[in-house]
Amino acid sequence: MSNAVMESKPATPDEIPKFTATLVVRRFDPEVDDEPRWQNFEVEMYGTDRVLDALHKIKWEQDGSLTFRRSCAHGVCGSDAMRINGRNRLACKTLIKDLDISKPITIEAIKGLP
Ligand code: FES
């Protein structure tokens, strides 16, 4: 019987490939804007990141005024439903790497919501 112990080293963030994604977010602030406007953001992401992670990164690191709904962050509550590249999806269940990152990723409120 072998006493060999499998050693596995957890991947460090430097070992996980990063890429830059461009998100184009449709925004509206009724106190400032007459009409909704589109704003571009560039974010460094990992293959395991979701659209919700990208939005958090933008809010925490680039523009604290970015506002969006989310709650459970695990695909249960549905509160982060939004239109991503023209399709209704949950931001917490949509991996950035599954989208075509050669083009900007569009994010907007689902149709029917102001
Ligand atoms: S935040 Fe609850 S489903 Fe995405």
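Numbering of ligands and ligand atoms starts at 1, following listing order. Here the structure is a predicted model, which is why all the values come from computation and not from measurement.
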L99 vs V51, side-chain contact (heavy atoms from CB on, under 4.5 Å): CA-CA, chis, key distance, verdict: CA-CA 10 Å; L99 302 171; V51 170; 3.9 Å; yes

Selection residues 66-82 - residue pairs positive for side-chain hydrogen bond (donor to acceptor under 3.5 Å, both in side chains), sequence neighbours left out: H56-R70

Point-to-point distance, once rounded to the nearest 0.5 Å, from CE of M45 to CG of L95: 10.0 Å

Expected output: side-chain N85 to main-chain T106 donor-acceptor under 3.5 Å: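 Here the side-chain-to-backbone pair exists.
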
Using distance only, find each side-chain donor-acceptor pair of residues 21-36 under 3.5 Å and give its atom names and separation, not counting sequence neighbours.
residue: T22; atom: OG1; partner: E42; partner atom: OE2; Å: 2.9
residue: R27; atom: NH1; partner: Q39; partner atom: OE1; Å: 2.7
residue: R27; atom: NH1; partner: D63; partner atom: OD2; Å: 2.8
residue: R27; atom: NH2; partner: S65; partner atom: O; Å: 3.2
residue: R27; atom: NH2; partner: S65; partner atom: OG; Å: 3.0
residue: D29; atom: OD1; partner: E31; partner atom: N; Å: 2.9
residue: D33; atom: OD1; partner: R37; partner atom: NE; Å: 3.1
residue: D33; atom: OD2; partner: D29; partner atom: N; Å: 2.8
residue: D33; atom: OD2; partner: R37; partner atom: NE; Å: 3.2

Sequence-distant partners of E61, salt bridge (Lys or Arg N to Asp or Glu O under 4.0 Å), two or more places apart: none

Number of protein N, O or S atoms [distance to atom 2 (Fe) of ligand 1 under 2.8 Å]: 2

